[in-house]
Amino acid sequence: MVLYKDKLLENLNETRRILNGNYGFSMFDKGVLSLCSGEGNRRPHPSSIARGLSAILDIKKSALDNYKFMQKNEEFENSIIQRHDYKSKNNYSLLISEGVTRIFESFIFSSSEENDIILLASCCYHPLPNICNNLKRNIILVEGRFENNYLIDYYDLEKALIEIKNKFNNIKVRSLIIFNPSYFGTEFSEDMLHQIISFCEENNIILLEDSIFFETNFNLNKNSLRAIDLAEDRVDIINASGVSKAQNLSNVRIGWAYGSSKIIDKMKDFLTSTNPTIFWTSIEIALGALTANINYLNQCNTENKERMLLISNIINELNKKFGFEALSIVGKPIAGHSILIKVNDVFNKSGVKNEMFNFSKMLLNKYKTAVSPGDSHGVPNTNTFRICYSSVGSEYTYNESIEYEKKSLKLIYENIYINNFDMDSIFNEIENWLIPIPLKGWSSGRDLISDALNNGIYKYLNEIIHEK
């Protein structure tokens, strides 16, 4: 099945109205426990803060009065290629931008024309319908099936294309956007990725693969297989990622795209014309994250895995209380910061068009617990909601990092103005620091998650069940 632009926008806007407080409490109000925020789970590594401060103070390499127009940070670009294991190809190139949202915007503009069709896979980034609407593109959701954990394959794409061609005679389907790993922590199999590549090859469709959760795998020795690893030269493909999730730098707004040069070049032209420069300090902060001791990233991913297992265990206990499987996690999450939960056999179907918008609204207003309906993430009419667990309680992790931050700032201040001083030696020292696990902070976050499930979600669902 497919869902057209107007319905996608309606789902997005209704979710925003609920979470912004149009019907009562908002997800940002004091006393509200938000399970909608998609940031990381702790303070960034001190190497990010050290590089950022150094960049602000360094009048030679990154003076604040210099546009740094069209200038490359080669160390940062090399770090991206190395960390994300991008294959070097003559017809591939790299683009740096102010976050992955800008990557989406530039890709949609550069890969299509007004009124063209952009295909959007389920389990997606929620603002995309709005971006396409602003650029006057037709975005159409390709729905995945439950048996595939709502991830799409060739069958879903082919079925959608037939329906689209029957509805639109002269409008071209230009590109497809997928999310791997998905926004619910699930990943495509190798076979599914080959099917998607084949579909794009057969129909001359450009593929954008969002891999923002690439470095969040719960298996510390494994990253998810990506379409860009398999595509060879069969299709024009772009892989996008950034530092907002795995590196805990959501507010820094640095992302990148790697892939087909003829698409990347058009994207660069668009980005340069709409914002001629990127804040060099942000790039340095991101560089500090990518060069930090890998132990820091492993700690974060291990904690996220523990939180996912915690939620799974609590759901099992709640189902025992309900006396049936009222809640279930969709798929087997292997990465990421959030999961999709399905509500089974709870709602009275009579006369209600969509249960999850009302569920989210009432849960927020009665129990001050905020969740987003699956409908806003490309999983419509499935009685699902998303829980973002990673960032819950992240504000309690700061104390474990502050002493290391003070130490790093002292090193920067003492040496930044010394002529010809080799700052790289300081950066190398800070990057190798082993930062203690924020045990108290993460424990507080887990307690909040438990409270949201046991005292918010359970109580409201139990109320609904006993009203039936």
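Predicted, not measured: the structure shown is a model, and the values here were computed from it.
In this structure, the side-chain hydrogen bond (donor to acceptor under 3.5 Å, both in side chains) partners of Ser390, at least two apart in sequence or on a different chain, are Asn304. By the salt bridge (charged side-chain N to carboxylate O under 4.0 Å, His left out) test, Glu215 pairs with Arg83, sequence neighbours left out. Residues passing the salt bridge (charged side-chain N to carboxylate O under 4.0 Å, His left out) test with Arg43 are Glu405, sequence neighbours excluded. With sequence neighbours excluded, the residues satisfying side-chain hydrogen bond (donor to acceptor under 3.5 Å, both in side chains) with Arg446 are Glu303. Every residue was checked against the salt bridge (charged side-chain N to carboxylate O under 4.0 Å, His left out) condition with Lys87, not counting sequence neighbours, and none meets it. Looking at residues two or more places apart in sequence or on another chain, you find no ring-ring contact (aromatic ring centres under 6.0 Å, His included) involving Phe188. Residues satisfying the side-chain hydrogen bond (donor to acceptor under 3.5 Å, both in side chains) criterion with Ser376, sequence neighbours excluded, are absent altogether. For Glu10, the salt bridge (charged side-chain N to carboxylate O under 4.0 Å, His left out) partners at least two apart in sequence or on another chain are Lys7. Every residue two or more places apart in sequence or in another chain was checked for a side-chain hydrogen bond (donor to acceptor under 3.5 Å, both in side chains) with Glu325, and none qualifies.
Taking 4.0 Å as the cut-off between side-chain N and carboxylate O, Asp116 and Arg174 count as a salt-bridged pair. Using a 4.0 Å cut-off between charged nitrogen and carboxylate oxygen, Glu187 and Lys222 count as a salt-bridge pair.
In this structure, Phe270 has its ring center no closer than 6.0 Å to that of Phe107. Aromatic ring centroids of Tyr125 and Phe179 lie 6.0 Å or more apart.
Considering every non-hydrogen atom in both Ile152 and Val142, the closest pair reads CG2-O, 3.4 Å. For the pair Thr382 and Lys342, the tightest heavy-atom approach, listed with the atom from each and the gap, is O-NZ, 2.7 Å. The two residues Ile430 and Pro46 have their closest heavy-atom pair at CG2-C, 4.0 Å. Here the shortest heavy-atom pairing between Ser48 and Gly288 reads OG-C, 3.7 Å.
Residue pairs meeting the ring pair (Phe, Tyr, Trp, His ring centres under 6.0 Å) criterion with at least one member in residues 220-268, sequence neighbours excluded: His84-Trp256, Tyr86-Tyr258, Tyr92-Tyr258. Residue pairs meeting the ring pair (Phe, Tyr, Trp, His ring centres under 6.0 Å) criterion with at least one partner in residues 293-322, sequence neighbours excluded, are His45-Tyr296, Phe322-Tyr458. Pairs passing the ring pair (Phe, Tyr, Trp, His ring centres under 6.0 Å) check and including a residue from residues 227-249, sequence neighbours excluded, do not occur.
Classified by interplanar angle (parallel below 30°, tilted 30° to 60°, perpendicular above 60°), the ring pair Tyr367/Tyr460 is tilted.
With a 6.0 Å radius and a threshold of 12 heavy atoms from other residues, nucleotides or ligands, Glu147 has its CD atom above the threshold.
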